[in-house]
Amino acid sequence: MREPLAGLSTKTLIRSCADLAEPDTSGADSAHLAAVYMLRLLARRIQQLTTEARDLERCIRDAVAAHSPQLLERVGIGPDCAAALLVAAGDNPERLRTEASFAALCGVSPVEASSGKTQRRRLNRGGDRQTNAALYRIVLSRLRWDQRTRDYLERRLTEGKTRREAIRCIKRYVAREIHNLTHPPASPPIADLPEAA
């Protein structure tokens, strides 16, 4: 059984295992029958779970697009990260009056860690960890695909920051961007015009 399945890509291997024919039970040993049965069963289960995962991702994408489509247009923000950010913001609407409060909720607000003559800030260990993880995934995606983010990281590293501190700064900027996208500034009230005589 190994020879025809060796060297196949993952997709092809799963498809081949799912299409394995029922072995002839006459003269075959039980180990071979069990192996064929289990390979076919596992491959079909993988196909079913893959289909379910695609359906769920489509549902999440549609829900995010209905509520805040501008999030999905940004570099590095996929449906999973956008959903995590919207859930965190939606649970606490009264607390999120400023982008600083959103950053604190996400755990990306800077925390003073200065000592003596050393002036520095450290990573905030508080906040919603799932939202913080979503921001981290966005930053990693942008470091891979967005030249501006890579340039910013290089600039911060040449200033003497560690990579961890530079990523904390980028996460803070991403939190600001997301807050501004999901909570547009309220327009000032229009003053009542005097009635014409």
Side-chain angles (χ1 to χ4, degrees), residues 49-114 119-192:
L49 290 174
T50 303
T51 303
E52 288 177 17
R54 284 194 193 118
D55 290 344
L56 289 172
E57 184 175 342
R58 190 180 68 249
C59 290
I60 291 171
R61 180 180 295 276
D62 292 345
V64 170
H67 186 272
S68 203
Q70 65 275 17
L71 278 180
L72 296 175
E73 297 169 3
R74 300 297 174 146
V75 175
I77 303 179
D80 292 340
C81 291
L85 294 164
L86 289 174
V87 166
D91 284 348
N92 303 285
E94 67 281 351
R95 289 176 47 197
L96 303 177
R97 292 197 176 103
T98 65
E99 52 91 15
S101 61
F102 181 69
L105 174 71
C106 298
V108 294
S109 57
V111 176
E112 253 338 291
S114 300
Q119 297 290 323
R120 70 178 206 84
R121 293 185 170 128
R122 70 167 175 80
L123 187 67
N124 185 349
R125 307 242 190 285
D128 184 349
R129 302 319 297 161
Q130 289 182 340
T131 309
N132 192 295
L135 289 173
Y136 184 70
R137 288 191 301 271
I138 292 169
V139 169
L140 290 183
S141 297
R142 287 186 177 189
L143 285 173
R144 186 169 185 184
W145 302 109
D146 186 29
Q147 187 60 44
R148 290 182 316 146
T149 308
R150 286 194 296 253
D151 293 343
Y152 179 82
L153 178 72
E154 289 302 319
R155 183 167 58 88
R156 286 301 207 163
L157 292 176
T158 56
E159 290 173 359
K161 297 241 184 243
T162 65
R163 183 174 173 87
R164 175 180 267 183
E165 290 171 334
I167 286 177
R168 181 198 56 78
C169 294
I170 297 170
K171 283 165 61 174
R172 178 70 169 88
Y173 284 120
V174 171
R176 178 179 296 146
E177 175 187 356
I178 289 167
H179 181 268
N180 291 337
L181 287 172
T182 57
H183 297 82
S187 57
I190 299 173
D192 291 335

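Quick caveat: nothing in here was measured; it's all calculated off a predicted structure.
- For the atom pair Gln130 CD and Asp80 CG, the distance stands at 11.5 Å (nearest 0.5 Å).
- Shown here is Arg74, whose CZ atom has no more than 12 heavy atoms of other residues, nucleotides or ligands within 6.0 Å.
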Check the pair Arg142, Ile170 against side chain to side chain contact (heavy atoms under 4.5 Å, CB included), reporting the backbone distance first and the verdict last.
CA-CA 10 Å; Arg142 287 186 177 189; Ile170 297 170; 5.9 Å; no
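- Ring orientation note: the planes of His179 and Phe102 are tilted relative to one another, at an angle of 30° to 60°.
- Between the CD1 atom in Ile138 and the CD1 atom in Ile77 there is a gap of 4.5 Å [rounded to 0.5 Å].
- Heavy-atom contacts from other residues, nucleotides or ligands closer than 6.0 Å to CZ of Arg163 number 12 or fewer.
- Residue-environment remark: CZ (Arg144) stays at or below the threshold of 12 foreign heavy atoms within 6.0 Å.
- Between Leu72 and Ala82, the shortest heavy-atom distance links the atoms CD2-CB, 4.2 Å.
- Closest non-hydrogen pair, Ala104 versus Ser109, comes out as CA-OG, 3.7 Å.
- Cys106 approaches Leu135 most closely through the heavy-atom pair CB-CD1, 3.6 Å.
- Note on Asp151 versus Arg148: no salt bridge recorded, every NZ/NE/NH1/NH2 to OD/OE distance being 4.0 Å or above.
- Annotation for Ala134 and Ala84: closest pair CB-CB, 4.0 Å, computed over non-hydrogen atoms.
- Contact between Ser68 and Thr182 at its shortest, heavy atoms only, is OG-CG2, 3.8 Å.
- For the atom pair CG (Leu140) and OG1 (Thr149), the distance works out to 11.0 Å, reported to the nearest 0.5 Å.
- When atom types are taken as modelled, the side chain of Thr158 and the backbone of Glu154 share a donor-acceptor pair closer than 3.5 angstrom.
- Listed here is the closest heavy atom pair of Ile60 and Pro79: CG2-O, 3.5 Å.
- Here CD of Glu52 is found 7.5 Å from CG of Asp55. Values are rounded to the nearest 0.5 Å.
- Evaluation of the ring pair (Phe, Tyr, Trp, His ring centres under 6.0 Å) rule for Tyr136 yields no partner, not counting sequence neighbours.
- The distance from the CD atom of Glu99 to the CD1 atom of Ile178 is 12.0 Å, given to the nearest 0.5 Å.
- Between Arg156 and Glu159, at least one side-chain N (NZ, or NE/NH1/NH2) sits under 4.0 Å from a carboxylate O, which counts as a salt bridge.
- Interatomic distance, CG of Asn132 versus CZ of Arg137, reported as 10.0 Å (0.5 Å rounding).
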Would Val87 and Thr131 count as a side chain to side chain contact (heavy atoms under 4.5 Å, CB included) here? Give the steps.
CA-CA 9 Å; Val87 166; Thr131 309; over 6 Å; no
